[in-house]
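A quick write-up on the structure given underneath.
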Amino acid sequence: MKEAAAGLGHLLVFAFLFCVGAFMVAPVITDVTMAALCPGQDQCSLAIYLTGLQQAITGLGALVVTPVVGNLSDRYGRKALLALPATLSIVPLAILAFNQTRPYFYAYYVVKTLTAMVSEGAMMCLSLAYVADKVPEAQRAAAFGVFSGVCTAGFVAGTIATRFLSVSSTFQVATLAAIAAVVYMRAFVQETDRGASLLRDEEASLLLFAPSSSTEELSPRLPPLRKASSLSETAALLTSSSTFTRAAVITFFHSLGEAGLQTALLYFLKAQFHYTKNQYANLLLIIGITGSFSQLTMMPLLAPKLGEHKLLVVALLGSCVHGFLYSIAWSFWVPYLAASCVILSILVGPCIRSIISKKVGPSEQGMVQGCIAGISSTANVISPLVFTPLTGKHLSLCLLLHLST
C-alpha cells in the first residue's frame, strides 16, 4: 500500500503541473483571439465560429484517438502512453509564448487543433486508468474524486497566477509548467502492473471469506475484452452492458451541454457585460475553488454514504441549475452565482468513471476509460454545430437591439 500511495502521489503532482500549464491560458485566450481577429472590438463572430470549429475538429479526432490510446496503455503501460499527450501539449503554448500577433495566432490555432486531439482526452483517460490500477474498488470513487480535485486545484493555481502576469508572460510560464510536468512524470511516476497486484489480493480475499458458489456474484464483471481499436468494436463494448449504455448516454448529453456552455459563455460575457481578463479570472477562480473543494472533500465523504449512483443523480441536478442560472443572467454578478453550482455538477465525471471502472477487470481500464472519453469527444463534435450558430445569432440580435436603443 505504501508503494501504491507513493506512485499515486507522483501522478497527482504530475497532474497538478499539467493542469497549471493547460488552464493558465484560459482567462487570456479569449482576449488574445479577439485582439488577433477583431482588434478593438467586444464582439467578433469570426472568433466564435473558429472556436466552435476547433472544438468540433478536436472532438472528432479525440473520438478516434482516445480509445486507441487507452487500449494501447492496457498492453504497453500507462506511463509510456502518458508521455505523448504531455509532450504534445507544450507545442501550442510555446507558439503564443513567443508572439501573439495574427500569424502566430493562426499557427497556434492549427497546432492546438491537431495536438488537442491527443492531449486533452488521453491525459485524463490514462491517468484515471492509472488510478484504477493502484486503488482497490472500495476506495476508487474517492480516489477518482481526489484526482479530479487535484486537477481542479491546478486550474485554480494557474488562474491565480494569470491575475499577476501579463499576457505574454502567461504563455511563457504556462510553457514552463508544461515542460516541468513532462520532466517530473518521466523522472518520478512509476509504471503500473495494470492492477495485477490488486487482482491477486481480491482473489485471495474471495477465496478466504466468500463461499465458492457465490464468488462471481460478489464481483460481477464483463468477460475480458479483446482489442478494440475500431469504432464498431467500441460501440459493441458500450452496448455489451446496460451500465455501459446508461453511462454512455449520460456522458454524451452532459458533455453536450457543458461543451456548448464553454463554447459560448466567455464570448457572451464579453459582449453582454464587457468582461475583461481579470473578470474572466474571477469567474474561473470561483469555478476552480468550488470544484476543487467539492472533489477533494465532498466526494470522499458522500460517495461511501450515498453510493456513486445516488450521488450522480444529485450532481446532474446541480448541473441543470448551473446552466439555467447562466441562461437567465441579467447582471454581471449572476454568472458568479451560477459558477458556485459547480460544487455539485463537477461530481458527474468522477461518479461515472468510478461506476464503469468496477465493471471490467484491471487489464481493461484504459480501454473503458478511453471509450467514455470518446463519447465525451463525440458531444464536443456535435455541440459547436448546435451552439455556435445560436451564439452568433443571439449576439448579433443583442447588438442590433443595443444600436436601436
Side-chain angles (χ1 to χ4, degrees), residues 21-58 89-116 158-176 178 259-285 326 329 331-332 335 383-385 387-405:
F23 293 119
M24 184 179 291
V25 301
V28 301
I29 194 62
T30 301
D31 285 343
V32 170
T33 304
M34 297 283 288
L37 301 178
C38 304
Q41 299 183 28
D42 283 340
Q43 181 176 328
C44 182
S45 298
L46 177 60
I48 297 172
Y49 280 100
L50 283 180
T51 302
L53 178 63
Q54 183 182 59
Q55 185 176 331
I57 296 174
T58 298
S89 67
I90 299 172
V91 182
L93 295 174
I95 293 174
L96 287 186
F98 185 76
N99 202 310
Q100 293 91 44
T101 57
R102 181 175 295 185
Y104 286 92
F105 171 79
Y106 280 120
Y108 160 84
Y109 181 87
V110 173
V111 174
K112 174 67 174 177
T113 302
L114 296 176
T115 58
T159 305
I160 291 175
T162 304
R163 289 295 305 268
F164 303 99
L165 296 171
S166 64
V167 173
S168 59
S169 298
T170 297
F171 285 98
Q172 293 167 2
V173 175
T175 303
L176 292 176
L261 188 62
Q262 293 171 9
T263 300
L265 180 62
L266 298 185
Y267 292 105
F268 167 75
L269 296 177
K270 182 77 171 179
Q272 191 74 8
F273 303 119
H274 308 289
Y275 269 38
T276 62
K277 174 178 76 76
N278 288 342
Q279 289 171 308
Y280 287 140
N282 291 337
L283 180 67
L284 296 176
L285 276 175
Y326 280 129
S331 180
F332 74 94
S383 181
L385 303 178
F387 290 97
T388 299
L390 290 176
T391 304
K393 292 180 180 178
H394 173 74
L395 294 182
S396 297
L397 179 61
C398 290
L399 179 61
L400 291 174
L401 292 175
H402 177 74
L403 293 175
S404 64
T405 55

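Every value quoted in this text rests on a predicted model; they were computed, and no experiment measured them. Note that these values count all heavy atoms, side chains included, but never hydrogens, waters or copies made by symmetry.
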Any heavy-atom pair between the side chains of [Y] and [X] that's under 4.5 Å?
X	Y	result
Leu93	Met24	no
Leu53	Tyr109	yes
Thr51	Thr30	no
Arg163	Pro27	no
Ile95	Val111	yes
Leu37	Tyr106	yes

Parallel under 30°, tilted from 30 to 60°, perpendicular over 60°: which one fits the rings of Tyr108 and Phe171?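 Ring orientation, 0 to 90° scale: perpendicular.
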Quick one: pull up CG in Leu96 and CZ in Phe105 and give me the separation to the nearest 0.5 Å.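 So the CG of Leu96 and the CZ of Phe105 are separated by 7.5 Å.
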Heavy-atom closest contact ([X] atom, [Y] atom, distance):
X	Y	value
Pro335	Leu283	O-CD1, 3.4 Å
Pro39	Arg102	CD-NH2, 4.2 Å
Thr113	Thr58	O-OG1, 3.6 Å
Ala97	Thr175	CB-OG1, 3.7 Å
Pro92	Ser89	CD-O, 3.7 Å

As a quick check of understanding, evaluate side-chain contact (heavy atoms from CB on, under 4.5 Å) for Leu165 and Val173, giving each step before the final call. CA-CA 9 Å; Leu165 296 171; Val173 175; 3.9 Å; yes
